[in-house]
Amino acid sequence: MEKPVTQQAPAGCAVACVATLLGTNYESALNLFRDGRNRHFTSGFYNNDIVRVLEKKHIKAQARHVTKINPGDIYKEGTIVFLRRGEKYPIGHYLLRKDNQWIDSWINFPNINPAKAGFRKRLPAEVQYVIAIEF
């Protein structure tokens, strides 16, 4: 089981998911994102940003909206999910499916000093988008 990467900024969950998926560190993954140094502190990242970064690394990925009729590949190994914005996650949150668990890059949210990554058995909020990976 791989060690999960902890996000290093309030909006850095996408970076941490990509770092864990690629088996690299946060800093290396951050450099793959356009304007990553600013965005992981401010606006965060969108599904298409993650898809572009994975394609740079020759990993095919596709972002899809999740509905009750079309739940997507939520539980497929390597899937990144975006949790809907709400009271629990005001800007939303990305998690990665790995080893039949959810890797949460900020499992002790809202405590950021220090943030900690960890594993979850269940999703802590409703999934809005799925980024399905094709290995």
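Keep in mind that what you see is a predicted model, and the values were worked out from it rather than measured.
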**Q** Nearest 0.5 Å, what's the CD-CG distance between Glu55 and Asn48?
**A** 9.0 Å

**Q** Does Ser43 offer a backbone N or O that forms a donor-acceptor pair with the side chain of Asn38 under 3.5 Å?
**A** no

**Q** Examine distances only and state if a side-chain atom of Asp99 and a backbone atom of Gln101 form a donor-acceptor pair shorter than 3.5 Å.
**A** no

**Q** Around Lys121, counting heavy atoms of other residues, nucleotides and ligands shown, do more than 12 lie under 6.0 Å from its NZ?
**A**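 Atom NZ in Lys121 is not packed in, count stays at 12 or less.
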
**Q** Quick one, His93 and Trp106 - any side-chain contact, counting heavy atoms below 4.5 Å?
**A** yes

**Q** Carefully, step by step, assess His40 and Tyr26 under the rule ring pair (Phe, Tyr, Trp, His ring centres under 6.0 Å).
**A** CA-CA 11 Å; His40 79 141; Tyr26 187 89; 5.7 Å; yes

**Q** Which pair of heavy atoms, one from Ala63 and one from Asn47, lies closest together, and at what distance?
**A** CB-CB, 3.6 Å

**Q** Run the side chain to side chain contact (heavy atoms under 4.5 Å, CB included) test on Val81 and Trp102 for me, step by step, so that the C-alpha distance in whole Å, both residues' side-chain angles and the decisive distance to 0.1 Å come before the verdict.
**A** CA-CA 9 Å; Val81 297; Trp102 294 104; 3.7 Å; yes

**Q** What are the two closest non-hydrogen atoms of Asp104 and Ile107, and how far apart are they?
**A** OD1-N, 3.5 Å

**Q** Considering residues, nucleotides and ligands other than Tyr46, do more than 12 of their heavy atoms fall under 6.0 Å from its OH?
**A** no

**Q** Indicate the atoms forming the closest heavy-atom contact of Ile133 with Gly78, along with that distance.
**A**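 Shortest heavy-atom separation between Ile133 and Gly78 comes out as CG1-O, 2.7 Å.
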
**Q** To check you understand the geometry: which heavy-atom pair defines the closest contact between Ala29 and Val15, and what is its length?
**A** CB-O, 3.7 Å

**Q** Walk me through it: do Asp49 and Arg39 pass the test side chain to side chain contact (heavy atoms under 4.5 Å, CB included)?
**A** CA-CA 11 Å; Asp49 297 318; Arg39 292 176 65 196; 2.5 Å; yes

**Q** Would you give the length of the straight line joining atom CZ of Arg37 to atom CG of Asn31, rounded to the nearest 0.5 angstrom?
**A** 5.0 Å

**Q** When rounded to the nearest 0.5 angstrom, what distance separates CG in Asn100 from OH in Tyr75?
**A** 11.5 Å

**Q** Hey, what do you get for OG1 (Thr79) to CG (Leu95), rounding to the nearest 0.5 Å?
**A** 12.0 Å

**Q** Taking the side chain as C-beta and beyond, is there a heavy-atom pair between Leu83 and Lys88 under 4.5 Å?
**A**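 Not in contact.
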
**Q** With side chain to side chain contact (heavy atoms under 4.5 Å, CB included) as the test, would you mind laying out the steps for Val18 and Ile50 before giving the verdict?
**A** CA-CA 7 Å; Val18 167; Ile50 296 171; 4.0 Å; yes

**Q** Does a side-chain N-to-carboxylate-O contact under 4.0 Å join Asp73 and Arg97?
**A**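 Not counted as a salt bridge, because no side-chain N and carboxylate O are separated by less than 4.0 Å.
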
**Q** Which heavy atom in Tyr94 sits nearest to a heavy atom in Ala14, and how many Å separate them?
**A** CD1-CB, 3.7 Å

**Q** Taking the side chain from Ser105 and the backbone from Val5, do they hold a donor-acceptor pair closer than 3.5 Å?
**A**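 Side chain of Ser105 to backbone of Val5, a donor-acceptor pair under 3.5 Å: no, none is there.
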
**Q** How long is the span from the CD atom in Glu77 to the CG atom in Leu96, to the nearest 0.5 Å?
**A**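 Interatomic distance, Glu77 CD to Leu96 CG, rounded to 0.5 Å: 8.0 Å.
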
**Q** Are any of the side-chain heavy atoms of Thr24 and Leu32 separated by less than 4.5 Å?
**A**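 A side-chain contact is absent here, since even the closest heavy-atom pair is not under 4.5 Å.
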
**Q** Calculate, to the nearest 0.5 Å, the distance between atoms CZ and OH belonging to Phe82 and Tyr89 respectively.
**A** 11.5 Å

**Q** Determine whether a donor-acceptor pair (N or O, by modelled atom type, separation under 3.5 Å) exists between the side chain of Gln7 and the backbone of Pro10.
**A** yes

**Q** Are the side chains of Leu123 and Ile74 in contact, using a 4.5 Å heavy-atom criterion?
**A**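 Yes. Closest side-chain heavy atoms under 4.5 Å.
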
**Q** Show the nearest heavy-atom pair for residues Pro90 and Phe109, with the distance to one decimal.
**A** CD-CZ, 4.0 Å

**Q** Is there a side chain to side chain contact (heavy atoms under 4.5 Å, CB included) between Ile103 and Phe119 once you walk through the steps?
**A** CA-CA 5 Å; Ile103 295 179; Phe119 298 92; 3.6 Å; yes

